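Read the structure below first, then the notes.
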Amino acid sequence: QVQLVESGGGLVQPGGSLRLSCVVSGDIFIRYFMGWYRQAPGKQRELVATITSGGTTNYADSVKGRFAISRDNAKNTVYLQMDSLKPEDTAVYYCNAARLGHAFWGQGTQVTVSS
């Protein structure tokens, strides 16, 4: 069974930075298409960024130029570097691993951007 464990969330002031990590276990990490999603209170879960096995990335328009997704296949880990954070980035951030029609989720990590 594939398991994902996120870490790195917290409280940060507007303009600050955070780095989220997601460690994947239970299968061969490099096989998976990885993504970060977020869900704010009262809103639907939305895509933030994705990365293929080969490192091709894609971002939501709202985070382009501020967030960066990366992966370390030797460490079975995907990262989300978040810079220039805004209050509207406040949400629970979820890691996702997808392959052959199957998707797995982490438990989520809270990011709060507030002064």
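Predicted model only: the values in this text are computed from it and were never measured.
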Does the side chain of Tyr59 come within less than 4.5 Å of Arg66's, by heavy atoms?
no

A side-chain contact here means heavy atoms from C-beta on lying under 4.5 Å apart; do Phe104 and Asp27 qualify?
no

Does Glu88 CD have over 12 foreign heavy atoms under 6.0 Å away?
yes

Just so I know, are the side chains of Leu11 and Ser114 near enough to count as touching, which here means a heavy-atom distance under 4.5 Å?
yes

Are Tyr94 and Tyr79 in one and the same hydrophobic cluster, where Ile, Leu, Val, Met, Phe, Trp and Tyr link if side-chain heavy atoms are under 4.5 Å apart?
no

For residues Ile51 and Arg71, report the shortest heavy-atom separation together with the two atoms involved.
O-NH1, 3.5 Å

Is there side-chain contact between Met82 and Trp36, with heavy atoms separated by less than 4.5 Å?
no

What are the two closest heavy atoms between Gln107 and Leu4, and how far apart are they?
OE1-O, 3.6 Å

Classify the ring geometry of Phe67 against Tyr93: parallel below 30°, tilted from 30° to 60°, perpendicular beyond 60°.
tilted

Could I get the full list of side-chain hydrogen bond (donor to acceptor under 3.5 Å, both in side chains) partners for Lys64, not counting sequence neighbours?
Asp61

Joint hydrophobic cluster, Tyr37 plus Tyr32, side-chain heavy atoms closer than 4.5 Å:
no

Over all heavy atoms of both residues, which pair between Thr52 and Phe33 is shortest? Give the atoms and the distance, please.
CG2-CE1, 3.8 Å

Separation between CD (Gln1) and OG (Ser25), nearest 0.5 Å, reads 9.5 Å

Taking Leu85 as the starting point, is it possible to reach Leu20 by hopping between hydrophobic residues whose side chains are less than 4.5 Å apart?
yes

Tell me the closest heavy-atom pair linking Phe29 and Asn76, and the distance in Å.
CB-OD1, 3.3 Å

Would a 4.5 Å heavy-atom cut-off, applied to side chains only, mark Val111 and Arg38 as touching?
no

Same cluster (ILVMFWY, side-chain, under 4.5 Å), Val78 and Leu47
no

Does Glu6 reach the side chain of Leu80, with side-chain heavy atoms less than 4.5 Å apart?
no

For the pair Ser53 (side chain) and Ile30 (backbone), establish whether a donor and an acceptor sit closer than 3.5 Å, ignoring hydrogens and angles.
yes

Could you pull out the closest heavy-atom pair between Asp83 and Ser17, with the gap in Å?
OD1-OG, 2.7 Å

For the residue pair Thr109 and Gly9, what are the closest heavy atoms and their distance?
OG1-N, 3.2 Å

Do you reckon Val2 sits in the same ILVMFWY cluster as Met34, going by side-chain contacts under 4.5 Å, direct or chained?
yes

